[in-house]
Amino acid sequence: MPDLSIHIAGLHFKNPVTTASGTYGYGDEFRDFMDLGKLGGIFVKAVTGKNRDGNAYPRMAETPSGMLNSVGLQNKGVDHFCHEIYPKIKDFNTHIIVNVSGSTVEEYVEVAERINELDNVPAIELNISCPNVKLGGMAFGTVPAMATEVTAEVRKVYKKVLMVKLSPNVTSITDLAKAAVDGGADVITLINTLLGMAIDVERRRPILSTITGGLSGPAIKPVALRMVWQVHKAVHVPIIGLGGIMNATDAIEFLLAGASAVQVGTANFIDPTVSVKIVDGIEAYMTRHKVKSVSELIGALRTE
Amino acid sequence: MPDLSIHIAGLHFKNPVTTASGTYGYGDEFRDFMDLGKLGGIFVKAVTGKNRDGNAYPRMAETPSGMLNSVGLQNKGVDHFCHEIYPKIKDFNTHIIVNVSGSTVEEYVEVAERINELDNVPAIELNISCPNVKLGGMAFGTVPAMATEVTAEVRKVYKKVLMVKLSPNVTSITDLAKAAVDGGADVITLINTLLGMAIDVERRRPILSTITGGLSGPAIKPVALRMVWQVHKAVHVPIIGLGGIMNATDAIEFLLAGASAVQVGTANFIDPTVSVKIVDGIEAYMTRHKVKSVSELIGALRTE
Amino acid sequence: MELKKLVEDLQVVDNTRLNHRHFILELLAPEKFPLILPGQFVQVLVEDSPSTFLRRPFSIHSVDYQKNTLRLLIQIKGPGTAQLSKLKSGDHLNLIYPLGNSFSLPFTKDVLLVGGGCGVAPLLFLAQFLNQNNIHPTILLGFRTKEEVSEIETYSAYGKVLVITDDGTEGEKGLVVDHSIFQKERLEFKKIFCCGPDAMMKAVAKIARMHRIDCEVSLENTMACGFGVCLCCITPTDKGNERVCVEGPVFNINRLKWQ
Amino acid sequence: MELKKLVEDLQVVDNTRLNHRHFILELLAPEKFPLILPGQFVQVLVEDSPSTFLRRPFSIHSVDYQKNTLRLLIQIKGPGTAQLSKLKSGDHLNLIYPLGNSFSLPFTKDVLLVGGGCGVAPLLFLAQFLNQNNIHPTILLGFRTKEEVSEIETYSAYGKVLVITDDGTEGEKGLVVDHSIFQKERLEFKKIFCCGPDAMMKAVAKIARMHRIDCEVSLENTMACGFGVCLCCITPTDKGNERVCVEGPVFNINRLKWQ
Ligand SMILES: Cc1cc2nc3c(=O)[nH]c(=O)nc-3n(C[C@H](O)[C@H](O)[C@H](O)COP(=O)(O)OP(=O)(O)OC[C@H]3O[C@@H](n4cnc5c(N)ncnc54)[C@H](O)[C@@H]3O)c2cc1C
Ligand SMILES: Cc1cc2nc3c(=O)[nH]c(=O)nc-3n(C[C@H](O)[C@H](O)[C@H](O)COP(=O)(O)OP(=O)(O)OC[C@H]3O[C@@H](n4cnc5c(N)ncnc54)[C@H](O)[C@@H]3O)c2cc1C
Ligand SMILES: Cc1cc2nc3c(=O)[nH]c(=O)nc-3n(C[C@H](O)[C@H](O)[C@H](O)COP(=O)(O)O)c2cc1C
Ligand SMILES: Cc1cc2nc3c(=O)[nH]c(=O)nc-3n(C[C@H](O)[C@H](O)[C@H](O)COP(=O)(O)O)c2cc1C
Ligand code: FES
Ligand code: FES
């Protein structure tokens with residue numbers, strides 16, 4: 001039987017299939033559908049310093065092979081996470097990784113510090129696509145110096161595996177990846193959503209209350225794959241790849257492009273059992289191609 | 001009957017529907033299918049200073065709701081265009097606009113100067129997504145100062161309507177649009193293709209010979225609409241919008257977001273008569289919504 | 001029967017066209033149904049439709065635990081519903097179900113159900129459920145025109161049916177809130193259950209509030225997942241932004257921020 | 001008859017399954033066909049398939065100008081061809097056609113046609129065309145296995161048919177170039193027309209060059225448009241990068257950069 005397990009920044013994953021933040025709740029909602037223990041890990045919904053109501057309705061628009069969302073980090077804050085949610089999910093038989101968000105460096109640091117105390121959370125994923133309120137809304141993830149700063153400040157207080165999730169809405173994804181690594185990132189996650197927009201021509205209005213929102217789903221897969229490939233060649237830390245993964249073939253494409261693991265996002269909405277099917281599909285592919293360990297696939301794209 | 005005609009930088013278009021460079025050849029190939037005179041204009045394939053063979057095969061990959069191409073500006077050069085192609089297309093009953101490309105500022109200027117002499121070409125579209133060979137391959141369209149420079153140099157020699165077509169692969173599309181306007185652009189065209197990649201997992205190889213290529217089609221429409229909307233709010237020159245337009249509804253979305261005209265690209269491959277259908281569909285929409293002039297739709301998105 | 005959500009292929013056993021815009025799908029489950037409550041909905045995967053990426057939500061119109069079938073009443077709106085209208089017996093349809101909360105069992109027998117358009121869908125199942133609890137509601141159904149009036153006999157088995165059409169071609173004429181039962185000084189109902197377009201539900205809610213009648217509405221919303229994980233379908237309530245697909249679709253109007 | 005390209009809805013009049021991987025669609029045009037040449041192809045719009053965005057190219061297998069029908073021989077490969085295999089008589093299919101150049105009329109009667117896999121498709125139409133010009137070619141057809149051997153009688157009407165299968169379950173055993181007709185010191189043919197997988201065509205081209213036999217091949221390629229405007233389907237020739245969909249799909253091997 002092929003070996004699907006993988007080490008990422010010293011952390012052992014039983015397989016390279018995890019679920020993306022904001023698309024898997026806190027895992028709980030999927031227990032009717034599948035065995036969470038079959039997953040490499042679960043990235044839970046973004047946690048911020050204080051309660052956030054998120055954006056107004058409507059928050060969703062369907063687009064060709066994808067969707068736009070403008071949920072806006074709705075969550076009850078880090079206190080609520082630590083006291084109410086963590087106890088319920090801490091014994092899941094898979095890695096629980098917290099997606100950490102904020103509008104100021106201080107907020108990121110505060111949340112990271114609190115999550116650092118939770119024994120059963122072996123890693124955090126800094127979501128630096130949020131706008132920096134102090135710097136007039138420019139996202140932390142679009143200016144390399146800001147990415148380095150927020151990563152470095154969090155690094156000071158966070159002792160376990162530090163992942164940084166990048167926004168694809170930039171001219172040079174490799175500059176941002178290098179900046180995060182300079183700040184002390186152990187792992188780079190790629191990609192968050194592309195900024196997009198949808199319009200209802202009958203009402204002559206934007207469909208989202210926020211006018212623009214984040215594009216996810218298969219539509220963005222070619223862009224995501226390209227960025228994983230570019231970053232894989234530019235930095236030497238492991239990469240977690242995502243963006244439009246719907247099946248095992250898509251997941252293997254990300255591994256070949258250089259990702260050490262993948263996250264399944266929007267696909268969970270369409271088939272809540274898809275992540276387990278992807279694990280099985282990767283195993284079947286490895287058997288068929290006589291690949292003994294999944295690590296042989298990582299970055300194994302032939303370009304000569 | 002509603003009035004579909006529109007003025008863009010002083011140039012009169014019989015309707016706002018044109019076809020995108022690289023997807024409509026030189027118009028000729030469509031004469032079996034439709035009456036070119038029904039179009040507002042035709043943007044012909046990129047013209048460079050010298051003959052270019054383009055990239056190696058394979059140059060195309062199908063992706064969810066889109067495609068990647070890596071044609072690579074294959075064309076026979078500006079001399080051939082002026083002597084062999086222009087005479088055949090100059091009397092089409094629609095505007096012929098030439099897409100001007102190059103790898104150095106000098107090449108852009110040379111091509112623009114030659115096209116300036118062609119009486120029946122009322123405008124050029126500078127394609128600044130090409131890599132600047134002198135500056136190590138960084139695209140002209142990703143660095144504002146470079147965008148300003150190439151536009152300004154072309155402006156010196158080009159006396160008619162100067163359009164600049166921007167690449168979406170940037171952190172701030174408005175910075176690039178402003179830079180082009182600073183250089184003297186009369187019109188901004190948005191968007192060129194997103195940089196993407198596709199992988200064949202069975203052969204563990206990239207599908208394109210160039211590894212990465214340009215993503216077009218409905219998949220990119222949300223990103224294109226967002227950029228048109230952002231630029232519409234940021235600059236005061238007219239915008240020509242494109243990216244994934246497949247039907248009249250899509251085209252109207254671009255008009256509402258702020259485009260004065262649209263280009264139909266990849267859709268021409270799927271239905272070579274689609275551009276005429278879009279003209280008819282816009283007219284039907286205007287009749288149904290009692291819109292007298294298409295100019296009433298431009299930027300008419302309600303966001304209050 | 002347990003409360004569990006399933007992802008399952010159901011078999012189409014019947015597809016009946018009611019009129020040019022509406023049809024009923026009858027679906028057979030491969031295993032015994034879990035407990036399904038009135039007001040709950042399903043998320044349908046539309047295959048072979050290039051423009052439907054996400055699932056489509058539909059209320060459960062009725063359930064037959066003996067035959068292990070459920071029915072959906074669907075109005076053709078766009079590409080997804082158009083594709084579903086072409087299904088034939090023997091085809092399979094992938095469902096996530098049962099989703100959402102449910103209408104509550106009322107503490108009164110004076111119950112009014114109000115439905116408009118495809119909002120009538122969950123009311124049949126609700127009427128059956130009320131009957132099992134010895135409640136025979138009044139059922140007010142609004143349609144656009146005579147041609148769209150349907151299933152009146154079916155509903156009549158469970159309560160007294162009143163019809164109103166926009167153009168007056170059957171029953172009374174006007175919107176549901178124009179119906180004569182609402183024009184009295186004191187209404188005879190102690191509980192209203194309502195489902196239909198937003199504007200209709202808001203108008204009914206206004207009447208309910210005026211007459212201090214307890215009222216529950218089933219909200220529509222744009223949904224990506226349907227089972228609580230995407231947070232796309234929220235509605236503002238007294239507890240902040242709540243998910244229509246989990247805390248709803250049924251809400252007591254007192255909990256909503258409708259003026 | 002004029003040389004004009006059309007975008008048209010054709011009606012499926014027949015869909016015949018040859019074996020588990022191949023089927024033949026017969027399509028009826030609404031208007032009189034334009035002139036169609038052997039080697040030309042069509043671009044088919046695959047509707048109701050979420051994963052086929054672009055059209056799919058298929059060679060024209062045969063044309064009946066009397067009945068105004070054409071036939072496509074299709075091998076199921078992925079989602080597009082799978083969807084087409086489900087078409088029923090009465091369905092409609094949108095085609096852009098006829099596209100590409102054609103095989104040339106040879107100046108000899110000693111003609112060999114070589115086809116492998118679904119590359120046999122254009123050879124039937126070519127054989128018919130040659131017959132009209134009093135040429136009765138030898139037709140060598142390669143298949144994977146007996147089960148896939150088909151239409152032998154159809155071809156036999158136009159020339160002498162030879163069969164070879166990969167596993168030897170019918171005809172000779174091996175790849176087409178292993179066939180005994182190629183094993184002689186001097187081959188009796190003055191012109192070869194070939195269509196099939198790249199590797200097969202290259203092997204045939206090698207034999208043709210060795211024996212100085214004039215040879216035309218019909219290339220496959222990934223196509224976005226099919227009518228010359230996207231420049232996605234190029235192949236290197238003696239005139240630089242040429243479009244397989246316009247300057248091809250048929251090329252004389254002397255013009256190709258095959259070593
Ligand atoms: C909980 C719930 C229960 C429902 N029950 C039923 C039912 O029993 N029978 C029935 O016919 N329909 C029901 N609907 C509505 C149904 O889901 C939509 O009509 C369907 O998704 C439209 O899909 P489409 O692809 O045909 O059209 P689309 O192209 O997706 O939409 C066509 C038009 O309808 C609008 N629309 C689509 N979905 C929604 C939505 N969820 N809310 C509001 N507007 C929408 C779109 O904005 C668009 O203008 C329900 C919706 C929800 C949320
Ligand atoms: C000019 C021309 C004529 C053709 N004639 C015929 C014919 O008569 N009968 C027939 O069965 N097929 C023919 N083909 C091939 C046919 O177009 C493809 O098999 C079909 O497009 C596959 O579509 P799909 O959606 O089923 O599979 P896809 O998912 O698109 O492809 C399945 C597999 O086939 C490969 N593939 C797809 N298209 C091509 C291509 N154009 N060239 C090489 N590999 C490809 C893909 O890489 C993939 O591995 C022809 C192709 C061309 C260019
Ligand atoms: C509804 C929704 C909510 C999301 N919320 C978050 C979030 O809270 N934090 C985050 O880092 N990414 C969030 N994302 C982005 C996803 O994690 C993922 O990066 C993106 O959707 C691309 O992957 P996909 O195409 O597989 O969905 C969200 C995406 C969606 C669709
Ligand atoms: C095959 C192909 C070739 C293209 N060639 C050019 C080109 O030469 N110059 C240019 O500015 N854009 C070129 N483009 C980009 C298109 O003009 C257009 O900007 C892009 O495809 C997005 O629009 P669409 O989604 O409607 O196709 C090309 C696109 C395709 C698909
Ligand atoms: S639709 Fe996803 S939370 Fe309700
Ligand atoms: S497929 Fe477009 S030029 Fe040949």
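Residue numbering restarts at 1 for every chain, and letters A, B, ... go by the order of the sequence lines.
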Quiz item: With respect to D:Tyr97, which candidate in D:Gln43, D:Glu8, D:Gln40, D:Lys5 satisfies the side-chain hydrogen bond (donor to acceptor under 3.5 Å, both in side chains) definition?
Solution: D:Glu8
Quiz item: Where does B:Phe30 contact chain D at under 4.5 Å (heavy atoms): side chain, backbone, both or neither?
Solution: side chain
Quiz item: With no hydrogens and no angle check, is any side-chain donor or acceptor of B:Asn192 less than 3.5 Å from a backbone partner on B:Ser167?
Solution: no
Quiz item: Checking B:Asn268 against chain D: side chain, backbone, both or neither under 4.5 Å from a heavy atom?
Solution: backbone
Quiz item: Of the backbone (N, CA, C, O) and the side chain (C-beta and beyond), which part of B:Met246 lies under 4.5 Å from a heavy atom of chain D, both, or neither?
Solution: side chain
Quiz item: Picking from B:Arg31, B:Glu62, B:Lys45, which has the most non-hydrogen pairs under 4.5 angstrom with chain D?
Solution: B:Glu62
Quiz item: Between B:Ser70 and chain D, which part of the residue has a heavy atom less than 4.5 Å away: side chain, backbone, both or neither?
Solution: neither
Quiz item: Would a distance-only check, ignoring hydrogens and angles, find a side-chain to backbone donor-acceptor pair under 3.5 Å from B:Asn99 to B:Val44?
Solution: no
Quiz item: Has the side chain of D:Gln75 got a donor or acceptor atom that lies under 3.5 Å from a matching backbone atom of D:His22?
Solution: no
Quiz item: Between D:Glu216 (side chain) and D:Ser104 (backbone), is there a donor-acceptor pair under 3.5 Å?
Solution: yes
Quiz item: Of all heavy-atom pairs between D:Phe125 and D:Ile60, which one has the smallest distance, and what is that distance?
Solution: CB-O, 3.7 Å
Quiz item: If you tally heavy-atom pairs under 4.5 Å against chain D, which of B:Gly22, B:Ala56, B:Gly66, B:Gly54 wins?
Solution: B:Gly66
Quiz item: So which of B:Pro58, B:Ser65, B:Ala61 has the largest heavy-atom pair count under 4.5 angstrom toward chain D?
Solution: B:Ser65
Quiz item: Given a strict heavy-atom distance threshold of 4.5 Å, which part of D:Thr222 is in contact with chain B: side chain, backbone, both, or neither?
Solution: both
Quiz item: Are the aromatic rings of D:Phe227 and B:Phe33 close, with centres under 6.0 Å apart?
Solution: yes
Quiz item: Between B:Thr23, B:Asp28, B:Asn51, which shows the greatest number of heavy-atom pairs under 4.5 Å with chain D?
Solution: B:Thr23
Practice problem: Counting only heavy atoms closer than 4.5 Å, note whether D:Leu6 contacts chain B via side chain, backbone, both or neither. | Solution: backbone
Self-check item: Part of D:Leu45 lying under 4.5 Å from any heavy atom of chain B
Solution: side chain
Quiz prompt | ring-ring contact (aromatic ring centres under 6.0 Å, His included) assessment of D:Phe103 paired with D:Phe129 | solution = CA-CA 10 Å; D:Phe103 292 106; D:Phe129 173 81; 9.3 Å; no
Quiz item: If you count heavy-atom pairs under 4.5 Å with chain B, which of D:Ile234, D:Thr235, D:Val7 comes out on top?
Solution: D:Ile234
Practice problem: Begin with the C-alpha distance, continue with both residues' side-chain angles, and end with the deciding distance and a verdict on side-chain contact (heavy atoms from CB on, under 4.5 Å) for B:Met163 and B:Leu126. | Solution: CA-CA 6 Å; B:Met163 306 177 169; B:Leu126 279 198; over 6 Å; no
Quiz item: With only heavy atoms counted, which part of B:Asn55 is less than 4.5 Å from chain D, the side chain, the backbone, both or neither?
Solution: backbone
Exercise. Check the angle between the aromatic planes of B:Phe81 and B:Tyr86 and answer parallel, tilted or perpendicular using the 30° and 60° thresholds.
Key: tilted
Quiz item: Does any heavy atom of chain B fall under 4.5 Å from the side chain of D:Asn221, the backbone, both, or neither of them?
Solution: both
Quiz item: Is chain D contacted by the side chain of B:Tyr57, its backbone, both, or neither, given a heavy-atom distance below 4.5 Å?
Solution: both
